[in-house]
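Computed from heavy atoms alone, side chains included, the values below leave out hydrogens, waters and symmetry copies. Worth saying up front: this structure is predicted, and the values here are computed from it rather than measured.
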Amino acid sequence: MTPSTPTLRIWRWGVDTNAVAAWRVVFLNAIILTFFVAGFVYTLLFESVGAYFHAWFVFPIMVGFAIALVLNRVGLFRVARIVHILLFDGVVAFYAASFGEATQIHFLLLGAITLSLALGGEREYGFLSIALVVPVAAWLVLEYFDFHVPYVPTVDVPPDWAQLVSRIVMLTTAVLLFLSMAYLYRHTEDLEHDLRAALAKLEGEMVMARDIRTVIAPRPIPLPGFEHAALLLTKGDEGGDCYDLIPDTAITPEPRGTYLLIGHLAGQGVAAGLAQLLLQTTTRTILTAQAASPEVVELGKTIGAIEDAMTQPLAELGIDEPIAITLVRLERGGKLSLAGTYGALLMHRWKRRGQHGAVEVLHPTRDTAQQRDVERGDRVLLYTPGVHSATLQEQPLGHDGLAAKVAQVCNVLQPIDQTLTAVRTQLFGYQRHSDALLLMAGREDLFASIELLPDWSSVDRVREQATALFAELPAAAADAGLMTAIELTENAVKYGMGDAAGLHPCIELYVNPSLIEIAVVSRAVDPQRIGEAQRLIDRINTLGTAEELYVERMAVLAKEDVTGSGLGFLRISHEGGFTLSYEQEPDAFYIIARRSLDA
Amino acid sequence: MSQFDSLSKGMLSISARTDETDGLVVQWVGRSDERDPAEFLNPYLGKLAGQAGKSPVVVDFRRLEYMNSSTIKPIIRFVQALAANAPKVTVHYNATQKWQAISFDALRTVFLPLKNVHVVG
């Protein structure tokens with residue numbers, strides 16, 4: 001339920017806090033009082049020189065003012081405000097008409113002061129300045145054109161009576177205005193008190209809601225076969241986005257996949273927090289139940305089951321909007337399934353070219369799960385509408401805009417959390433209109449891609465990367481991997497060149513629990529060298545071992561004065577235990593070395 | 001002060017000293033991964049082989065962390081040059097390092113015709 005905050009309604013035009021609003025009410029009335037006191041003084045001055053008595057208008061003004069008070073009391077603050085302004089107009093117009101230039105100048109000055117306050121950002125005074133300036137200015141214009149509006153009828157009374165009545169009326173007016181001011185001030189205090197109580201209650205709920213969101217925020221748990229990072233940017237304490245990470249081990253002893261859930265729930269305060277908690281619990285319960293099934297349940301059916309289970313509890317929490325969720329299943333081999341009712345998924349493909357790959361945006365549907373294969377180096381980014389609907393100079397970011405920004409920063413050499421931080425940096429300056437959730441995942445395989453510039457420092461860079469990448473491997477495998485990476489790098493730097501497009505040779509290092517793979521892509525290589533490499537690799541593979549060729553080559557080196565050692569591939573195969581293969585494309589030649597880690 | 005020059009290039013250093021028991025001891029330390037190690041190894045090792053004369057020589061690779069394939073040819077040439085004059089050339093390697101074990105096993109085969117060369121792991 002939305003707490004009642006009545007004073008916010010009246011002062012929403014420019015006042016942010018209730019305390020300020022209260023003081024403005026007081027100040028407004030003080031200005032009214034000033035006018036009346038000024039009018040009283042003027043009346044006395046004019047009477048002293050035998051002028052007519054003009055104070056009769058005070059009575060209708062008083063009535064109008066009383067109406068404004070009643071309107072305030074019943075909560076029609078905006079109407080009361082308009083009545084206030086009209087009363088100002090009436091008072092000002094009458095004084096301006098009745099008391100000549102001095103009064104007109106008086107009001108014009110006050111109008112200028114209030115106008116300057118209005119221009120300074122105090123919008124409340126804009127109305128006041130209009131109320132002061134417009135009637136006087138109108139009067140002056142009319143006089144300039146020699147158009148005399150008949151003065152308000154005056155009452156010709158004996159001077160003694162006039163003086164007495166005038167003073168009684170004006171004094172009464174002053175007293176009533178003081179009283180009304182005191183009443184308004186008191187009334188505002190009451191409203192402020194009510195508001196503070198309502199805000200305190202609301203704040204308590206918000207704190208609890210924040211606590212709930214903190215409690216249900218997933219811990220950085222490992223997802224088998226995948227690494228991930230999440231970023232939730234909240235817009236306020238109302239409802240919003242939530243997510244959950246559910247490793248298959250949490251729901252079934254049989255690995256079926258890892259689940260990523262993102263959801264958007266309406267609601268406010270505790271209700272929103274409870275709804276998010278409910279969504280997580282419901283999803284886990286349903287996935288656990290489905291895991292007992294002998295067959296893998298279609299993801300769309302899981303979405304339907306979650307929606308069905310959530311409908312009634314959400315209604316009881318007073319949340320009428322339908323639940324919006326996206327569910328992703330990531331299987332160990334890299335297979336991705338996506339289904340849901342909202343949100344989007346962005347896949348950044350890493351391509352073996354030393355270049356950034358393509359970016360694909362997938363929109364989940366409820367009924368049919370979409371399937372993709374997540375290859376090594378690929379990044380999957382799940383995000384909620386709060387991300388792509390963010391605006392910069394009123395232009396929404398959009399899916400394509402986000403894809404372009406992700407492509408700029410997605411670097412497989414970076415840890416995934418750093419990549420996500422880089423994505424966030426790209427979004428600086430964009431104004432979010434709701435919560436924004438970014439959840440990035442990628443295969444856990446260790447992977448490095450290094451561009452090989454045509455200088456020997458590339459060897460050091462590869463050594464550094466390979467040493468770090470192979471650090472967790474058994475020493476023999478790590479040494480073999482390092483030697484292979486360096487030998488392939490040395491070959492690529494010596495004989496590979498940049499192509500016409502400016503692409504340099506590139507080496508990729510890849511490790512998973514059962515395999516080391518090192519691939520080097522060379523460009524613009526001498527066809528004769530390519531032929532030699534192909535023949536040697538073919539020969540090694542035909543023999544099944546490089547030992548004989550290795551020793552044979554050593555003997556050649558011992559006997560003959562040959563150029564180069566020609567030992568690189570033989571070492572990789574014989575010393576390193578790697579299997580070599582090659583692939584050729586029109587503009588690139590790949591040499592791939594693989595070594596099993598299963599033994 | 002040693003009468004033999006030492007060599008330091010990149011991450012590789014080679015020192016030579018005489019030892020009463022072993023004769024000339026040549027120790028390799030660090031990594032040999034320069035683009036063309038023959039450029040600086042051949043002159044240095046050639047001079048060292050000439051200085052060794054007819055004394056026994058120990059070539060110790062046990063503290064060599066890595067060598068690229070381009071280093072192997074200068075090593076073969078060095079050992080061959082030493083074996084031509086020295087009564088005994090002993091090559092020490094670290095058998096617990098797989099790459100050294102495989103490389104020097106192969107070198108042992110290469111050096112088999114040289115009866116005064118012993119490869120010890």
* For the residue pair B/R35 and A/E490, establish whether any side-chain heavy-atom pair is separated by less than 4.5 Å. => no

* Answer yes or no: are there more than 12 heavy-atom neighbours, outside A/E532 itself, under 6.0 Å from its atom CD? => yes

* chain B contact via A/E575 - which portion, at a heavy-atom distance below 4.5 Å -> both

* Roughly how far, to the nearest 0.5 Å, is the CH2 atom of B/W99 from the NE2 atom of A/H574? -> 14.0 Å

* To do: Taking all non-hydrogen atoms of both residues into account, name the closest pair between A/A555 and B/V110 and its distance.
  => N-CG2, 3.8 Å

* To do: Could you tell me which non-hydrogen atom of B/I102 sits nearest to which non-hydrogen atom of A/Y550, and how far apart they are?
  => O-CE2, 4.1 Å

* **Closest approach of A/R571 to B/S69 (non-hydrogen atoms, all atoms of both residues)** => NH1-N, 3.2 Å

* Structure fact -> Taking a cut-off of under 4.5 angstrom between non-hydrogen atoms, the residues of residues 44-68 of chain B near chain A are B/Y66, B/M67, B/N68

* In this structure, are over 12 heavy atoms from other groups packed under 6.0 Å from A/Q534 atom CD? -> yes

* Structure fact -> Max heavy-atom pairs within cutoff under 4.5 Å with chain B, candidates A/V493, A/I486, A/D460, goes to A/I486

* Interface moiety of B/S70 toward chain A, non-hydrogen atoms closer than 4.5 Å -> both

* To do: With a 4.5 Å heavy-atom cut-off (strictly below), which parts of residues 75-97 of chain B touch chain A? List them by number.
  => B/I76, B/R77, B/Q80

* A/Q418 atom CD, over 12 foreign heavy atoms within 6.0 Å -> yes

* **Atom pair CZ (A/R463) and CE (B/M11), whose distance is rounded to the nearest 0.5 Å** => 8.0 Å

* Mark yes or no for whether A/W456, through its side chain, and B/D33, through its backbone, hold a donor-acceptor pair below 3.5 Å. => yes

* Taking B/T71, B/T109, B/I72 one by one, which has the highest count of heavy-atom pairs under 4.5 Å against chain A? -> B/I72

